[in-house]
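Chain naming here is simple, since letters A, B, ... match the order of the sequence lines and numbering starts at 1 in each.
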Amino acid sequence: MHRLLRGDMLPLPSNLVSRHLVVSSLPSLPPAPFPLRREAHLWYIVPNELEDASLLQDYMKLLSPCEKENVLSIKGEALKKCAILSRVLVRTTLSRYTDCKVNPRLFKFRKNRFGKPEVEHQNGCLWVPPSLQFNISHTSSMIACGVTVDVPIGIDIEEKRRKPVNNILSLAHRYFSPYEVQYLASFMDPESRQSEFLRLWTLKEAYVKALGRGFSGAPFRDFTIRFENSTDSVVPERPKSEEFRIMIDTASDSVNLTANWQFALVELCGSHLAAICMEKDENMPGTEQEFLKLKVWKTLPFVEDKCMSQTDAVINISGLC
Amino acid sequence: MATVSAASVRFASLKPASRSNQANGVTSGVMFVTIGTSKLSFHSLRSSRFRVHCAAKPETVNKVIDIVKKQLALSDDTSLTPESKFSSLGADSLDTVEIVMCLEEEFDISVDEDNSQNITTVQEAAELIEKLVLQKAEAA
(Lines give C-alpha, C1' and ligand atoms only; values in the text may rest on other atoms or scores of the structure.)
Protein backbone atom coordinates (compact mmCIF):
# COMPACT_ATOMS: atom_id res chain seq x y z
CA MET A 1 0.00 0.00 0.00
CA HIS A 2 1.61 3.21 -1.07
CA ARG A 3 0.38 5.27 1.84
CA LEU A 4 2.17 8.48 2.36
CA LEU A 5 4.63 8.43 5.17
CA ARG A 6 4.27 10.54 8.29
CA GLY A 7 7.21 11.89 10.16
CA ASP A 8 7.20 9.30 12.88
CA MET A 9 6.95 6.25 10.65
CA LEU A 10 9.82 4.25 9.32
CA PRO A 11 10.32 4.74 5.60
CA LEU A 12 9.29 1.88 3.30
CA PRO A 13 12.07 0.26 1.32
CA SER A 14 12.63 2.66 -1.54
CA ASN A 15 12.24 0.06 -4.28
CA LEU A 16 8.73 -0.74 -3.08
CA VAL A 17 7.71 2.89 -3.04
CA SER A 18 9.21 3.78 -6.37
CA ARG A 19 7.46 0.92 -8.15
CA HIS A 20 4.12 2.34 -7.06
CA LEU A 21 5.12 5.80 -8.12
CA VAL A 22 5.84 4.63 -11.64
CA VAL A 23 2.08 4.00 -11.94
CA SER A 24 0.22 6.95 -13.44
CA SER A 25 -0.61 9.19 -10.52
CA LEU A 26 1.61 10.06 -7.63
CA PRO A 27 0.13 9.45 -4.19
CA SER A 28 -1.13 12.43 -2.30
CA LEU A 29 0.92 14.44 0.11
CA PRO A 30 0.07 14.74 3.78
CA PRO A 31 -1.59 18.11 4.38
CA ALA A 32 0.24 20.64 6.54
CA PRO A 33 -1.42 23.03 8.98
CA PHE A 34 -1.02 26.73 8.19
CA PRO A 35 1.83 28.59 9.76
CA LEU A 36 0.64 30.59 12.74
CA ARG A 37 1.24 34.27 13.26
CA ARG A 38 4.98 34.95 13.60
CA GLU A 39 5.65 31.48 12.33
CA ALA A 40 7.62 30.47 9.28
CA HIS A 41 7.74 26.98 7.87
CA LEU A 42 10.84 25.73 6.14
CA TRP A 43 10.91 22.67 3.92
CA TYR A 44 14.16 21.39 2.50
CA ILE A 45 15.42 18.70 0.14
CA VAL A 46 18.91 17.21 0.05
CA PRO A 47 19.46 16.41 -3.64
CA ASN A 48 22.15 13.80 -2.98
CA GLU A 49 19.64 11.65 -1.14
CA LEU A 50 17.60 11.19 -4.27
CA GLU A 51 19.12 8.35 -6.23
CA ASP A 52 16.04 6.91 -7.85
CA ALA A 53 15.93 7.95 -11.49
CA SER A 54 12.34 6.86 -11.92
CA LEU A 55 11.30 9.12 -9.04
CA LEU A 56 13.02 12.01 -10.74
CA GLN A 57 11.08 11.21 -13.91
CA ASP A 58 7.85 11.26 -11.93
CA TYR A 59 8.83 14.59 -10.44
CA MET A 60 9.34 15.99 -13.94
CA LYS A 61 5.69 15.30 -14.65
CA LEU A 62 4.71 17.87 -12.05
CA LEU A 63 6.44 20.74 -13.84
CA SER A 64 4.81 23.20 -16.21
CA PRO A 65 5.86 23.11 -19.89
CA CYS A 66 7.94 26.22 -19.34
CA GLU A 67 9.70 24.73 -16.33
CA LYS A 68 10.38 21.51 -18.25
CA GLU A 69 11.86 23.52 -21.09
CA ASN A 70 14.12 25.31 -18.66
CA VAL A 71 15.29 22.02 -17.15
CA LEU A 72 16.06 20.58 -20.57
CA SER A 73 18.11 23.65 -21.45
CA ILE A 74 20.41 23.05 -18.49
CA LYS A 75 23.60 21.12 -19.11
CA GLY A 76 24.81 18.67 -16.51
CA GLU A 77 22.86 16.04 -14.61
CA ALA A 78 23.43 17.48 -11.15
CA LEU A 79 22.22 20.93 -12.17
CA LYS A 80 19.24 19.45 -14.01
CA LYS A 81 18.31 17.49 -10.92
CA CYS A 82 18.49 20.58 -8.73
CA ALA A 83 16.33 22.54 -11.15
CA ILE A 84 13.68 19.80 -11.10
CA LEU A 85 13.78 19.45 -7.33
CA SER A 86 13.53 23.19 -6.86
CA ARG A 87 10.25 23.36 -8.75
CA VAL A 88 8.95 20.15 -7.18
CA LEU A 89 9.71 21.53 -3.73
CA VAL A 90 7.75 24.73 -4.33
CA ARG A 91 4.79 22.97 -5.92
CA THR A 92 4.49 20.17 -3.40
CA THR A 93 5.04 22.48 -0.45
CA LEU A 94 2.25 24.82 -1.55
CA SER A 95 -0.02 21.87 -2.25
CA ARG A 96 0.31 20.70 1.34
CA TYR A 97 -1.19 23.97 2.55
CA THR A 98 -4.28 23.59 0.40
CA ASP A 99 -5.20 20.52 2.43
CA CYS A 100 -3.87 18.75 -0.67
CA LYS A 101 -6.93 19.76 -2.64
CA VAL A 102 -4.76 21.46 -5.23
CA ASN A 103 -2.53 19.11 -7.21
CA PRO A 104 1.07 20.36 -7.25
CA ARG A 105 0.95 20.36 -11.02
CA LEU A 106 -1.82 22.94 -11.09
CA PHE A 107 -0.11 25.92 -9.50
CA LYS A 108 0.68 28.82 -11.75
CA PHE A 109 3.35 31.32 -10.93
CA ARG A 110 4.14 34.80 -12.02
CA LYS A 111 6.69 37.42 -11.08
CA ASN A 112 5.87 40.71 -9.43
CA ARG A 113 7.09 43.77 -11.27
CA PHE A 114 10.50 43.45 -9.64
CA GLY A 115 10.89 39.81 -10.53
CA LYS A 116 9.90 38.14 -7.26
CA PRO A 117 8.03 34.89 -7.92
CA GLU A 118 4.55 34.55 -6.45
CA VAL A 119 1.54 32.29 -6.79
CA GLU A 120 -0.92 33.42 -9.40
CA HIS A 121 -4.29 32.97 -7.80
CA GLN A 122 -6.83 31.80 -10.30
CA ASN A 123 -10.53 32.40 -10.13
CA GLY A 124 -12.80 29.42 -10.51
CA CYS A 125 -12.84 25.96 -9.14
CA LEU A 126 -9.49 25.69 -7.43
CA TRP A 127 -9.58 26.28 -3.72
CA VAL A 128 -7.15 29.05 -3.07
CA PRO A 129 -5.75 29.25 0.41
CA PRO A 130 -5.31 32.54 2.20
CA SER A 131 -2.38 34.52 1.00
CA LEU A 132 0.47 32.02 1.09
CA GLN A 133 3.84 33.64 0.81
CA PHE A 134 6.85 31.63 -0.16
CA ASN A 135 10.49 32.05 -1.07
CA ILE A 136 13.06 29.53 -2.32
CA SER A 137 16.77 29.32 -1.99
CA HIS A 138 19.24 26.71 -3.11
CA THR A 139 22.81 25.59 -3.05
CA SER A 140 24.10 22.56 -4.92
CA SER A 141 23.62 20.49 -1.78
CA MET A 142 20.30 21.72 -0.44
CA ILE A 143 17.10 23.32 -1.69
CA ALA A 144 14.80 25.12 0.73
CA CYS A 145 11.38 26.71 0.60
CA GLY A 146 10.07 29.05 3.29
CA VAL A 147 6.34 29.60 3.75
CA THR A 148 4.27 32.06 5.76
CA VAL A 149 0.70 33.22 5.70
CA ASP A 150 0.12 36.86 4.72
CA VAL A 151 3.54 38.05 5.71
CA PRO A 152 6.31 38.55 3.12
CA ILE A 153 9.21 36.18 3.64
CA GLY A 154 12.70 35.91 2.25
CA ILE A 155 15.14 33.07 2.88
CA ASP A 156 18.69 32.34 1.91
CA ILE A 157 20.74 29.23 2.51
CA GLU A 158 24.44 28.75 2.06
CA GLU A 159 26.94 26.01 2.76
CA LYS A 160 28.69 26.88 6.02
CA ARG A 161 32.08 26.11 4.53
CA ARG A 162 31.63 28.12 1.37
CA LYS A 163 34.73 30.10 0.59
CA PRO A 164 34.29 33.06 -1.74
CA VAL A 165 36.68 33.01 -4.68
CA ASN A 166 37.55 36.65 -4.09
CA ASN A 167 39.05 38.31 -1.05
CA ILE A 168 36.38 38.85 1.58
CA LEU A 169 37.28 42.42 2.43
CA SER A 170 37.36 43.30 -1.26
CA LEU A 171 33.88 41.89 -1.63
CA ALA A 172 32.73 43.71 1.48
CA HIS A 173 34.25 47.03 0.33
CA ARG A 174 32.51 46.66 -3.00
CA TYR A 175 29.09 45.56 -1.77
CA PHE A 176 28.56 46.01 1.97
CA SER A 177 27.95 49.09 4.12
CA PRO A 178 30.91 50.79 5.85
CA TYR A 179 29.78 49.50 9.24
CA GLU A 180 29.75 45.92 7.97
CA VAL A 181 33.18 46.33 6.40
CA GLN A 182 34.55 47.51 9.71
CA TYR A 183 32.87 44.63 11.49
CA LEU A 184 34.43 42.06 9.16
CA ALA A 185 37.81 43.73 9.31
CA SER A 186 37.76 43.30 13.09
CA PHE A 187 38.15 39.53 12.63
CA MET A 188 41.79 38.62 12.15
CA ASP A 189 41.30 34.91 11.84
CA PRO A 190 40.39 34.14 8.19
CA GLU A 191 37.96 31.40 9.12
CA SER A 192 36.04 33.60 11.52
CA ARG A 193 35.97 36.37 8.96
CA GLN A 194 34.67 33.96 6.33
CA SER A 195 32.01 32.70 8.71
CA GLU A 196 30.85 36.21 9.62
CA PHE A 197 30.84 37.19 5.96
CA LEU A 198 28.49 34.33 5.15
CA ARG A 199 26.23 35.22 8.04
CA LEU A 200 25.96 38.80 6.81
CA TRP A 201 25.57 37.66 3.23
CA THR A 202 22.69 35.27 3.90
CA LEU A 203 20.90 37.78 6.13
CA LYS A 204 21.24 40.54 3.55
CA GLU A 205 20.04 38.24 0.79
CA ALA A 206 17.06 37.13 2.88
CA TYR A 207 16.10 40.78 3.48
CA VAL A 208 16.33 41.75 -0.19
CA LYS A 209 14.30 38.69 -1.16
CA ALA A 210 11.70 39.42 1.50
CA LEU A 211 11.36 43.01 0.28
CA GLY A 212 10.84 41.61 -3.20
CA ARG A 213 12.25 44.63 -5.01
CA GLY A 214 15.23 42.91 -6.57
CA PHE A 215 18.90 43.45 -6.01
CA SER A 216 18.78 46.94 -7.48
CA GLY A 217 15.75 47.87 -5.37
CA ALA A 218 17.68 47.28 -2.19
CA PRO A 219 21.40 47.74 -2.88
CA PHE A 220 23.42 45.92 -0.26
CA ARG A 221 25.41 48.99 0.70
CA ASP A 222 22.26 50.96 1.54
CA PHE A 223 21.39 48.96 4.63
CA THR A 224 23.35 47.51 7.53
CA ILE A 225 22.87 44.23 9.31
CA ARG A 226 24.48 44.17 12.70
CA PHE A 227 24.59 41.92 15.69
CA GLU A 228 23.66 43.46 18.98
CA ASN A 229 24.42 41.92 22.31
CA SER A 230 23.27 43.03 25.70
CA THR A 231 26.06 45.53 26.18
CA ASP A 232 24.85 47.30 23.04
CA SER A 233 28.32 48.43 22.09
CA VAL A 234 28.52 51.25 19.57
CA VAL A 235 31.89 50.29 18.10
CA PRO A 236 31.46 47.35 15.77
CA GLU A 237 33.14 44.33 17.25
CA ARG A 238 32.44 40.70 17.89
CA PRO A 239 29.51 40.18 20.27
CA LYS A 240 30.95 39.25 23.64
CA SER A 241 28.43 36.64 24.57
CA GLU A 242 27.02 33.83 22.49
CA GLU A 243 23.61 35.45 22.38
CA PHE A 244 22.91 38.35 20.11
CA ARG A 245 20.07 39.91 18.20
CA ILE A 246 20.06 40.64 14.51
CA MET A 247 19.30 44.26 13.76
CA ILE A 248 18.85 46.17 10.57
CA ASP A 249 19.59 49.84 9.97
CA THR A 250 18.36 51.73 6.97
CA ALA A 251 18.60 55.43 6.14
CA SER A 252 15.68 57.26 7.77
CA ASP A 253 14.77 58.96 4.49
CA SER A 254 14.69 55.70 2.57
CA VAL A 255 11.23 55.00 1.18
CA ASN A 256 11.82 51.51 -0.11
CA LEU A 257 14.18 50.18 2.53
CA THR A 258 11.95 49.58 5.49
CA ALA A 259 13.28 48.40 8.81
CA ASN A 260 10.26 46.60 10.28
CA TRP A 261 11.67 43.17 9.56
CA GLN A 262 12.45 40.27 11.81
CA PHE A 263 15.44 37.99 11.25
CA ALA A 264 16.46 34.52 12.29
CA LEU A 265 19.66 32.67 11.54
CA VAL A 266 19.93 28.91 12.00
CA GLU A 267 22.39 26.16 11.29
CA LEU A 268 20.84 23.29 9.33
CA CYS A 269 22.18 19.75 9.45
CA GLY A 270 25.52 21.01 10.69
CA SER A 271 26.39 21.96 7.15
CA HIS A 272 24.28 24.94 6.12
CA LEU A 273 23.37 28.40 7.25
CA ALA A 274 19.78 29.48 6.76
CA ALA A 275 18.66 33.09 7.12
CA ILE A 276 14.97 33.90 7.38
CA CYS A 277 13.48 37.38 7.12
CA MET A 278 9.82 38.12 7.85
CA GLU A 279 7.91 41.34 8.12
CA LYS A 280 7.16 42.31 11.69
CA ASP A 281 3.62 42.24 12.90
CA GLU A 282 3.01 45.74 14.23
CA ASN A 283 0.00 44.55 16.17
CA MET A 284 1.95 42.19 18.34
CA PRO A 285 3.21 43.30 21.73
CA GLY A 286 6.79 44.57 21.58
CA THR A 287 8.54 41.64 23.21
CA GLU A 288 6.78 39.06 21.06
CA GLN A 289 7.98 40.85 17.94
CA GLU A 290 11.56 40.03 18.87
CA PHE A 291 11.47 36.41 17.86
CA LEU A 292 9.94 34.30 15.22
CA LYS A 293 8.83 30.70 15.41
CA LEU A 294 10.19 28.25 12.92
CA LYS A 295 9.12 24.75 11.99
CA VAL A 296 11.42 22.74 9.76
CA TRP A 297 10.80 19.63 7.68
CA LYS A 298 13.17 17.62 5.59
CA THR A 299 11.35 16.15 2.65
CA LEU A 300 11.64 13.85 -0.30
CA PRO A 301 8.16 14.58 -1.69
CA PHE A 302 5.84 11.56 -1.86
CA VAL A 303 8.46 9.42 -0.14
CA GLU A 304 9.26 10.83 3.24
CA ASP A 305 8.72 13.90 5.38
CA LYS A 306 10.62 14.32 8.60
CA CYS A 307 9.97 17.05 11.11
CA MET A 308 13.39 18.38 12.13
CA SER A 309 12.37 21.10 14.56
CA GLN A 310 13.65 20.48 18.07
CA THR A 311 16.36 18.17 16.76
CA ASP A 312 20.09 18.69 16.36
CA ALA A 313 19.51 19.35 12.70
CA VAL A 314 18.17 22.82 13.47
CA ILE A 315 20.35 24.95 15.72
CA ASN A 316 19.26 28.48 16.52
CA ILE A 317 22.05 31.00 16.07
CA SER A 318 19.80 33.99 16.62
CA GLY A 319 16.21 35.12 16.33
CA LEU A 320 14.15 32.07 17.18
CA CYS A 321 11.95 31.66 20.22
CA MET B 1 18.82 55.77 -15.54
CA ALA B 2 20.96 53.00 -16.88
CA THR B 3 18.18 51.63 -19.08
CA VAL B 4 17.60 54.98 -20.81
CA SER B 5 21.24 55.39 -21.65
CA ALA B 6 21.39 51.83 -22.94
CA ALA B 7 18.60 52.55 -25.38
CA SER B 8 20.13 55.79 -26.60
CA VAL B 9 23.58 54.36 -27.17
CA ARG B 10 22.18 51.44 -29.04
CA PHE B 11 20.00 53.43 -31.37
CA ALA B 12 22.65 55.99 -32.12
CA SER B 13 24.88 53.26 -33.39
CA LEU B 14 22.35 52.18 -36.04
CA LYS B 15 23.15 55.22 -38.16
CA PRO B 16 26.17 54.37 -40.27
CA ALA B 17 27.33 57.98 -40.29
CA SER B 18 27.13 58.41 -36.53
CA ARG B 19 30.09 59.99 -34.85
CA SER B 20 30.40 57.34 -32.24
CA ASN B 21 30.82 54.69 -34.89
CA GLN B 22 33.55 56.52 -36.76
CA ALA B 23 35.31 58.04 -33.81
CA ASN B 24 35.70 54.76 -32.03
CA GLY B 25 36.33 52.67 -35.08
CA VAL B 26 33.74 50.04 -34.41
CA THR B 27 34.89 47.22 -36.58
CA SER B 28 31.58 45.61 -37.45
CA GLY B 29 29.96 47.28 -40.44
CA VAL B 30 26.69 48.15 -38.82
CA MET B 31 26.17 47.78 -35.11
CA PHE B 32 23.00 45.87 -34.44
CA VAL B 33 21.07 45.91 -31.26
CA THR B 34 19.96 43.05 -29.06
CA ILE B 35 16.61 43.62 -27.49
CA GLY B 36 15.25 40.12 -27.00
CA THR B 37 14.94 39.23 -23.35
CA SER B 38 16.61 42.29 -21.85
CA LYS B 39 14.75 44.16 -19.20
CA LEU B 40 14.50 47.50 -20.97
CA SER B 41 11.64 49.52 -19.64
CA PHE B 42 10.30 50.74 -22.99
CA HIS B 43 7.66 48.19 -23.88
CA SER B 44 7.73 48.86 -27.63
CA LEU B 45 11.34 47.79 -27.77
CA ARG B 46 10.51 44.38 -26.42
CA SER B 47 8.65 43.46 -29.59
CA SER B 48 10.43 40.70 -31.47
CA ARG B 49 10.28 42.81 -34.65
CA PHE B 50 13.28 44.63 -33.27
CA ARG B 51 15.27 41.53 -32.54
CA VAL B 52 18.69 41.67 -34.15
CA HIS B 53 22.03 40.45 -32.91
CA CYS B 54 24.84 42.28 -31.22
CA ALA B 55 28.40 41.14 -31.66
CA ALA B 56 30.55 42.02 -28.72
CA LYS B 57 34.24 41.59 -29.55
CA PRO B 58 35.36 37.97 -29.29
CA GLU B 59 38.18 38.89 -26.93
CA THR B 60 35.66 40.49 -24.53
CA VAL B 61 33.47 37.40 -24.69
CA ASN B 62 36.47 35.15 -24.06
CA LYS B 63 37.60 37.15 -21.05
CA VAL B 64 34.10 36.92 -19.60
CA ILE B 65 34.10 33.18 -20.20
CA ASP B 66 37.47 32.81 -18.44
CA ILE B 67 36.23 34.73 -15.41
CA VAL B 68 32.98 32.77 -15.25
CA LYS B 69 34.81 29.45 -15.54
CA LYS B 70 37.14 30.42 -12.73
CA GLN B 71 34.35 31.63 -10.47
CA LEU B 72 32.21 28.56 -10.97
CA ALA B 73 35.20 26.18 -10.95
CA LEU B 74 34.24 24.75 -14.31
CA SER B 75 36.70 22.44 -16.02
CA ASP B 76 38.69 23.80 -18.96
CA ASP B 77 36.89 21.62 -21.43
CA THR B 78 33.45 22.89 -20.39
CA SER B 79 32.22 24.72 -23.43
CA LEU B 80 30.63 28.10 -22.80
CA THR B 81 28.99 30.17 -25.49
CA PRO B 82 27.80 33.77 -25.49
CA GLU B 83 24.30 32.45 -24.90
CA SER B 84 25.29 30.52 -21.77
CA LYS B 85 23.10 31.56 -18.87
CA PHE B 86 24.85 32.00 -15.53
CA SER B 87 22.01 30.41 -13.61
CA SER B 88 22.05 27.37 -15.89
CA LEU B 89 25.72 26.97 -15.09
CA GLY B 90 24.89 26.79 -11.40
CA ALA B 91 25.75 30.37 -10.48
CA ASP B 92 23.90 31.71 -7.48
CA SER B 93 23.68 35.32 -6.34
CA LEU B 94 27.03 35.26 -4.56
CA ASP B 95 28.68 33.86 -7.69
CA THR B 96 27.07 36.58 -9.78
CA VAL B 97 28.33 39.43 -7.60
CA GLU B 98 31.78 37.86 -7.54
CA ILE B 99 31.73 37.61 -11.32
CA VAL B 100 30.63 41.25 -11.62
CA MET B 101 33.40 42.36 -9.27
CA CYS B 102 36.00 40.44 -11.31
CA LEU B 103 34.71 41.96 -14.52
CA GLU B 104 34.95 45.43 -12.99
CA GLU B 105 38.55 44.81 -12.01
CA GLU B 106 39.49 43.22 -15.33
CA PHE B 107 38.02 46.00 -17.46
CA ASP B 108 38.38 48.90 -15.00
CA ILE B 109 34.69 49.78 -15.08
CA SER B 110 31.95 50.26 -12.55
CA VAL B 111 28.69 48.33 -12.82
CA ASP B 112 25.70 49.72 -10.94
CA GLU B 113 23.04 47.51 -9.36
CA ASP B 114 20.50 48.12 -12.14
CA ASN B 115 22.90 46.81 -14.73
CA SER B 116 24.31 43.97 -12.69
CA GLN B 117 20.82 42.62 -12.13
CA ASN B 118 20.35 42.47 -15.90
CA ILE B 119 23.44 40.42 -16.66
CA THR B 120 22.20 36.90 -17.03
CA THR B 121 24.32 35.56 -19.89
CA VAL B 122 27.90 35.77 -21.10
CA GLN B 123 26.75 37.86 -24.02
CA GLU B 124 24.90 40.36 -21.86
CA ALA B 125 27.98 40.75 -19.69
CA ALA B 126 30.23 41.29 -22.70
CA GLU B 127 27.89 43.85 -24.24
CA LEU B 128 27.54 45.76 -21.00
CA ILE B 129 31.31 45.79 -20.54
CA GLU B 130 31.88 47.23 -24.00
CA LYS B 131 29.19 49.83 -23.45
CA LEU B 132 30.73 50.92 -20.16
CA VAL B 133 34.25 50.94 -21.57
CA LEU B 134 33.00 53.12 -24.43
CA GLN B 135 31.21 55.49 -22.06
CA LYS B 136 34.32 55.78 -19.98
CA ALA B 137 36.46 56.54 -23.03
CA GLU B 138 33.98 59.17 -24.21
CA ALA B 139 33.85 60.81 -20.80
CA ALA B 140 37.65 61.02 -20.59
Contacting region of A:S170 [heavy-atom separation from chain B under 4.5 Å]: both

Segment of A:Y175 engaging chain B (4.5 angstrom heavy-atom cut-off): side chain

Validation row, ring centre A:F197 to ring centre A:F187 under 6.0 Å: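 They do not qualify: ring centres at least 6.0 Å apart.
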
Ring-ring centroid check A:Y183 A:F227, cutoff 6.0 Å: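 A:Y183 vs A:F227: aromatic centres under 6.0 Å.
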
Between [X] and [Y] (salt bridge meaning N to carboxylate O under 4.0 Å), is one present in this structure?
{"X": "A:E118", "Y": "A:K111", "result": "no"}
{"X": "A:D249", "Y": "A:R226", "result": "yes"}
{"X": "B:D76", "Y": "B:K70", "result": "no"}

Residue among A:N70, A:I74, A:L171 with most heavy-atom pairs under 4.5 Å to chain B: A:L171

Per-residue contact mode, B:S87 against chain A (heavy atom under 4.5 angstrom): neither

When B:S93, B:S84, B:A73, B:G90 are compared by non-hydrogen pairs under 4.5 Å with chain A, the top option: B:S93

